[in-house]
*Asks:* 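Here it is, the structure, as structure tokens.
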Amino acid sequence: MGETSGSNEAAPGLALLPRQGTPRLLGPLLLDYLGLEALPPMPGATGIDGLMAAAGFLRREGARNLWEREDRTLLVGEEPLEDGGRLVWALPVPWSASQAASPVSQASPTGERVADRVRYLSLASHDLRGSLANIRSYAALLLNGRIPLEPKAQRGLETILRNADRALSFAQDFFDSSRADLGALACERERQQLLPILDAAVERTRAAASAANVALALDDLPELPNVEVDAGRIQHAVESFVHHLLGRAQPGESLHVRAARVGHEVRVEVRRDGAAVPEEDISAVFQCEERAFRERKLEDPLRVFLARQEVEAHGGQVGAQADAGGTTLFLTLPVSLAASETGELGHPAGWQA
């Protein structure tokens with residue numbers, strides 16, 4: 001989103017500069033405009049000044065928004081986000097004094113379009129999820145036992161309730177992923193212990209594992225440092241890994257959730273012990289559109305893709321591995337200096353309660 005244009009106007013190249021962690025591209029256009037194959041490392045540098053300087057650009061004298069390098073001139077701006085990060089955008093500018101004379105006036109519409117898109121998604125989310133929530137509430141009201149129901153009506157209302165819960169979850173994932181594409185994913189970090197987050201994820205997926213006749217266990221964890229995360233986001237990511245592997249597990253197989261510190265990171269794994277999966281499935285786990293078209297359904301591809309967006313918003317990474325004994329999905333989270341300090345801990349996994 002934001003990387004294509006329906007007119008002859010150039011689309012902006014976008015990147016997310018999180019409050020902590022490494023910059024994250026939101027599509028390929030920014031690298032094209034910068035003339036780079038990858039974003040440069042930015043140790044100790046923040047914001048547009050750090051990004052553009054690391055990419056070899058100099059600000060044009062007297063022009064706050066114009067940056068130059070050899071034969072390239074870019075119009076660059078940024079928009080602050082609710083979580084303290086920034087959405088950086090860049091547009092190519094021709095070598096023309098008339099085009100470069102008013103950089104501020106050209107910068108405003110791009111930021112306004114992104115902000116308008118975020119507001120539009122919020123309205124759509126409110127309307128759609130409000131209607132689904134009403135359906136769910138009335139079904140739950142009729143199922144509370146106060147009204148006698150025939151068995152057929154009981155089963156019908158239980159189906160409505162399950163489908164409403166599933167639709168609400170899918171809608172939440174869809175709008176969260178769309179906001180993440182715009183660099184506007186809400187992410188409220190607090191210093192957390194990791195064990196309660198993983199325990200909550202396992203408990204919320206235990207019923208699904210039982211229904212699939214698959215054993216699900218949280219392995220004993222070594223001593224881990226506290227992490228500065230949005231507990232609900234990380235819990236959702238772990239649950240997404242569990243659901244993905246459950247969809248491919250055979251009755252009698254087992255899933256294990258575990259974690260360990262690896263250098264300056266904490267690595268969380270969801271391991272399925274069972275038959276190996278094809279290599280093409282492993283390489284495409286986090287490719288939402290490719291999987292959706294191939295599998296002809298969107299729910300699981302979107303859920304796992306959002307997990308990737310949530311982890312990357314924390315400066316972490318995701319991955320998948322397969323071997324003869326099974327399949328592993330994993331995520332990594334950086335261990336910041338602040339996470340090792342003493343102090344009050346946040347409430348674990350409250351977003352998914």
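The chain is numbered in sequence order, starting from 1.
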*Asks:* Scan side-chain atoms only and decide if H236 and D176 contain a donor-acceptor pair under the 3.5 Å cut-off.
*Replies:* no
*Asks:* Could you tell me whether R206 and E203 make a salt bridge, using a distance below 4.0 angstrom between a side-chain N and a carboxylate O?
*Replies:* yes
*Asks:* Do V277 and V285 sit in one hydrophobic cluster, given that two such residues count as connected whenever their side-chain heavy atoms are within less than 4.5 Å of each other, even indirectly?
*Replies:* no
*Asks:* Go through the side-chain N and O atoms of Q309 and D181 and say whether any donor and acceptor fall under 3.5 Å apart.
*Replies:* yes
*Asks:* Just grab all the side-chain hydrogen bond (donor to acceptor under 3.5 Å, both in side chains) pairs involving residues 133-148, residues at least two apart or on different chains.
*Replies:* R136-D165
*Asks:* State whether the side chain of R303 and the backbone N or O of F170 hold a donor-acceptor pair below 3.5 Å, judged by distance alone.
*Replies:* no
*Asks:* Mark yes when over 12 heavy atoms from residues, nucleotides or ligands other than E150 sit less than 6.0 Å from its CD; otherwise mark no.
*Replies:* no
*Asks:* In plain terms, say whether E269 and R267 are close enough for a salt bridge, that is, a side-chain N and a carboxylate O under 4.0 Å apart.
*Replies:* yes
*Asks:* Do the side chains of E312 and R233 get close enough for a salt bridge, i.e. N-O under 4.0 angstrom?
*Replies:* no
*Asks:* Does any non-hydrogen side-chain atom of T73 lie less than 4.5 Å from one of P92?
*Replies:* no
*Asks:* Measure from the side-chain N and O atoms of R204 to the backbone N and O of A207, and report whether any donor-acceptor pair falls under 3.5 Å.
*Replies:* no
*Asks:* Can we say R291 and D300 salt-bridge, meaning some charged N sits less than 4.0 Å from an Asp/Glu carboxylate O?
*Replies:* yes
*Asks:* If I compare all heavy atoms of A313 with all of R189, which pair ends up nearest, and what's the gap?
*Replies:* O-NH2, 2.5 Å
*Asks:* Taking N65 for its side chain and V76 for its backbone only, find out whether a donor-acceptor pair lies under 3.5 Å.
*Replies:* yes
*Asks:* Return the set of residues passing side-chain hydrogen bond (donor to acceptor under 3.5 Å, both in side chains) with D323 (not counting sequence neighbours), or none when no residue passes.
*Replies:* R271
*Asks:* Check for a donor-acceptor pair, side chain of H314 on one end and backbone N or O of D230 on the other, with a separation under 3.5 Å.
*Replies:* yes
*Asks:* Please answer whether the main-chain N or O of R166 pairs with a side-chain N or O of S169 as donor and acceptor at a distance below 3.5 Å.
*Replies:* no
*Asks:* For residues L39 and L31, determine if any side-chain heavy atom of one lies less than 4.5 Å from a side-chain heavy atom of the other.
*Replies:* yes
